[in-house]
Each structure stands twice: as structure tokens, then as C-alpha cells.
There are 2 protein chains.
Amino acid sequence: MSRTDYPVYLQLRDRLWDWIEAEQLSSQQRLPSERELSERFRTTRVTIRQALSQLEAEGLIFRSNRRGWYITPERLRYDPSRDLGFNRYVIEQGFSPRTETLFKTLTETPVWLSEISGLEVGTPIYHVFRRRYVDERGLLVEHNYINPAHCPGLLSESTDLSIWQMLRDKYNLCPEHRDIEIYPLALKGLEAESLHVNQGTAGLYIQRLSFDQRGNFLELDREYWLHDALKISVRIGERPS
Amino acid sequence: MSRTDYPVYLQLRDRLWDWIEAEQLSSQQRLPSERELSERFRTTRVTIRQALSQLEAEGLIFRSNRRGWYITPERLRYDPSRDLGFNRYVIEQGFSPRTETLFKTLTETPVWLSEISGLEVGTPIYHVFRRRYVDERGLLVEHNYINPAHCPGLLSESTDLSIWQMLRDKYNLCPEHRDIEIYPLALKGLEAESLHVNQGTAGLYIQRLSFDQRGNFLELDREYWLHDALKISVRIGERPS
DNA sequence: ACTCCAATCTGGTATATACCAGATTATGGC
DNA sequence: GCCATAATCTGGTATATACCAGATTGGAGT
């Protein structure tokens, strides 16, 4: 029994889904062009785009600006409460990570950061902005604000790997307390541009604010993820075996 | 300096944002109709809708089916790792909660639940489906699957309050171990209908799988939130005062 | 082989128009 | 006052069309 009372674009959504399954399209493969799809499914490009947007919202496909539509890879599992480096858990899941440092600089603590970190406004602070890839798809950009009082000279190190690991191994820093915030938002401005996605693309924001044993501010991490790129997975307590 | 090289709908997005601020529109207030806005801003309804969709993605406004656009209330803070009842933390934040039980039934464990819970396929299981409001806006729907072995007769209780509290107070059950999963998705089917939103509306999925001290399955909680309704906030470790 | 540039392909933006379906409001009969 | 119903208002869906801008491709010239 088909749902013929559905709007066309929802029928198309389902037909496209079925078609993708039937064609066995897999991760990162390209769909036919919108014009071709609109002919094949006997409708207009506008309507096909509505259907494609649905599948995009569901995380089945994603768009690459003016290049086409592609099959979304499996979501990356991610536990923001653990201090595992990005590279490490990406590899653990059988993917291939890459990190680009877009800029790193020593700047002055702005008001908003002062309010959540406890640092005085104007205090020197490291600011690192990085883009992270999994299998050559850019999944997130990340701002790190690090207290240089605890790790002088950090900027001269390579920041293409785990900052957290560097803090631990080289500076013997270990966060004792953390505040984590997570919420969906729209990617815009610098974050959208850096990820090469359109303004307003759905994203997920993850913020981690870390303090040491004495309550001193260590680091702030603000991550902007593509909405379809990750699945947060947290385990609390021990599971008896 | 204005960004005149921006597409019209992004300029409109910003102008609408400014207009909303200037008009001091506040939580749950209604915007003028799309036709009126398209006249006021000298463009077509199609383009105004693109701009409105941007603001919707950013969480500034939300739509109520065929009634209009409204200002989104502040996000609710929510800590899925704690066992605070919904009603309690909503009230703590100065809002007014309400819960409707859409159905509750005794059914048989399906395959997918068996795989994550360890129950045998076909084992009796309680299934409760509820809708939760804050200030009379439906923010989420929630499926609860509860192991009746630990709490016989639960269905004859009222399920309009905290199931967790009932499990603790009446059945002395306390989860020792939990697996939590969170990811953005599109609301569709039953969940979209129950929240009176369009198919494909952005949402956030939160799943909690609870076991007792001996590793027995207690409860599965699957929550479907509106994307703009909550801010997950978790505190790890103690903050020295 | 290589570079450069033009042609072409892609999705992105924009306008105009029409009708539908649910929600709300106005109206008229009681 | 109340209730049923009709008119109206709202966003939702759909088609047709045009042009833009970035990405890719293909070919000419070296």
C-alpha cells in the first residue's frame, strides 16, 4: 500500500531513498545531477531539491558546493567527556583523520571568554583555529583558547595533532573539572566558509571548558560539527561483565 | 559598511533579525504573515521564506503549522547524565512543564531492542509514548521501554510525571550503568506528527539505555527534541570553590 | 607534457504565479 | 449567549523559468 496522499516531494524523498539503496551507492559516491534526477523522476528541479533537502536533513546525503550531492559516510562516534585525541579515535573506528591549522595566534582575552573562564579581560591567551577531516571530508572546525600561563611556547609546537595530548605529555596538565555544552545550531560566517558549506547548514556545537585541580582555567574548546557527521556516545558507570 | 554582495535572502535574514530586535519581539510572539513581510521588504514570498528558514535554522524563530512564525523561547538546559525528572528541572529554570501520555501498552520485545538490551525477542515489555511541553510549546516526544520484571503494574500508575522517580521511589530501582547516544536528525513520521511540525524538521535525538547493578536491562529512553529547544549541559568532576 | 583559457556542467539564487489544506475569524440563525 | 457554518487568512506545495557563480572539463597552443 503506497501513501499516495503524501505530497510529491515526500514521495520523491522515499523513492530517492529506495533508488539509492537499489543502486547500492556507498559512502562519498555522487548522485546524478539535479536536472537529470528531475527528468528521471518526472518533476521540476525545485521539487527534486526539496526532496534532496529532506534526505540531507536526515543525514543520508550531503552537498558539496556546486559539485553535486554525495552519500553521507557513517557517523563518527565521539565521546566529548573523554580526553582521547581526535586522530586516535578516528583511527580506532577505521577512518583516516587529518587536521589543518587555519591560524594560531596569541591574543587578549575578550569579555565573553573572561566571563566563563575567570581570566581577566586582556590577559594573553592562545587562540588556535583548526579544521578536521575524516576520509578527506571536512567534518568540523574548532577554536581552542588556551591559557599560556600553563604552557608557554605552545604555539611553536605543531598543532596538527592532539593539543590535549601535548598538554598532558609536555606540560603535565590534566583537566580536573569540565563544563560541556552541546546544542544544534546553523553554521554561518567563518565556520560555514571554512567547512565549504552554505550559510545556514545544520550543525552541532560542542563546547568544553576545562579547569585544573585548583580551579584554574586551562582551555576552552568550541567545536562546530556538520550535523550528519557524528554520533555522541557516552558511557556512564561500569557495566558488569 | 553593508555586505551588498550577499545574496538577497541572507541580507533579508539579517534585516529580519535586526527588525525583530528593534521591535523587541519576545518569546512566543508572532511575526507578521509571509505575504506582509514580502511586501514590507520588497521581495517575493519565496525569498522571504528562504530568509525565515535561515532564522529557523539558527533557532531564532519557529513555525507553527499554518498559523505563523513565532519567536523561539530560550533554550532549556538539560543534563541527560543526571536522573532529574523533566518537570523538576523545567520548574528549576522558571518554566512551566506539562506531560501528555499519548499511549502506554504492554508489548513484546522487538529484535532491535533485544540487540541492545539483552532481553530475549518476544519478552513482555512496557512501552510508553509521551509528549512534553514547556510553556505550552511541545518540545519533545519520548519513547520509554521498561522491563516489567522489575516494576510490575507500572502501567496502572500515572505516567504524566517522572517515570524515573517512580522507579526509584516505588520500586527501589536505580540505574548503575547507562549508555547515552546523542545526534542530530530530521523529525519524521510519528515523531514529527506528534510535535505538529513538518516532516524533515531538524531535531535532536537522545537515547539512554539503563542497566542495574547486576547488568540487567532496566529501561530504554528515546527522546526526539526540537533542534532549537535545548542546550545540553554536563558538568564533569568537582569545581573547587 | 604542460599551461592557459574557454566552454560546459553543477548547484545556488530569484521572480512570478497558482492552488491546496488546515487554522482562525466572522457571520448569521437560533 | 451559543453554536454551526461560511468566509478568510495562514503557511505548504508545486510548476515554469531565468540567470548567476563556482567547479570541472576539454582543447588549443606551446
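Numbers restart at 1 for each chain; the letters A, B, ... are given by sequence-line order, proteins then strands. Everything numeric here is computed off the predicted structure, so don't read it as measured data.
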Ignoring hydrogens and angles, write down the donor-acceptor pairs under 3.5 Å from the side chains of residues 105-112 of chain A, residues two or more places apart or on other chains.
{"residue": "A:T109", "atom": "OG1", "partner": "A:T123", "partner atom": "O", "Å": "2.8"}

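In this structure A:Y205 satisfies the side chain to side chain donor-acceptor pair (under 3.5 Å) test together with A:Q207, A:R222, sequence neighbours excluded. Listed by chain and residue number, nothing satisfies the side chain to side chain donor-acceptor pair (under 3.5 Å) test with B:Y183 (two or more places apart in sequence, or in another chain). With sequence neighbours excluded, no residue forms a ring-ring contact (aromatic ring centres under 6.0 Å, His included) with A:W69. For the ring-ring contact (aromatic ring centres under 6.0 Å, His included) test, no residue two or more places apart in sequence or in another chain qualifies with B:Y133. The side chain to side chain contact (heavy atoms under 4.5 Å, CB included) search around B:T47 returns B:V8, B:Y9, B:L12, B:T43, B:T44, not counting sequence neighbours. Under the rule for a ring-ring contact (aromatic ring centres under 6.0 Å, His included), B:F95 has no partner lying at least two apart in sequence or in another chain. Under the ring-ring contact (aromatic ring centres under 6.0 Å, His included) criterion, B:F129 pairs with B:F103, B:H143, sequence neighbours left out.
Listed by residue number, the members of residues 19-31 of chain A with any heavy atom below 4.0 angstrom from DNA chain C are A:R30. Of all the residues in residues 37-45 of chain B, B:T43, B:T44 reach under 4.0 Å from DNA chain C with at least one non-hydrogen atom. Within residues 51-61 of chain A, no residue has any heavy atom under 4.0 Å from DNA chain C.
Between B:L10 and A:E34, the residue whose closest nucleotide on DNA chain C is further toward the 5' end is A:E34. Where A:N65 and B:R35 meet DNA chain D, the nucleotide closest to each residue was compared, and B:R35 sits on the side nearer the 5' end.
B:V46 comes within contact range of at least one nucleobase, with a heavy-atom separation under 4.0 Å.
Nearest heavy atom pair, residue A:Q199 against residue A:A192, reads NE2-CB, 4.1 Å. Of all the heavy atoms in B:D135 and B:Q28, the pair that sits closest is O-NE2, 3.2 Å. Looking at every heavy atom in both residues, B:A57 comes nearest to B:H227 through O-NE2, 3.5 Å. Among all heavy-atom pairs drawn from B:R208 and B:R82, the shortest one is NH1-O, 3.7 Å.
Distance check: A:R132 CZ to A:L195 CG gives 12.5 Å after rounding to the nearest 0.5 Å.
In the 5' to 3' direction, nucleotides of DNA chain C lying under 4.0 Å from heavy atoms of chain A begin and end at C:dT10 to C:dT13.
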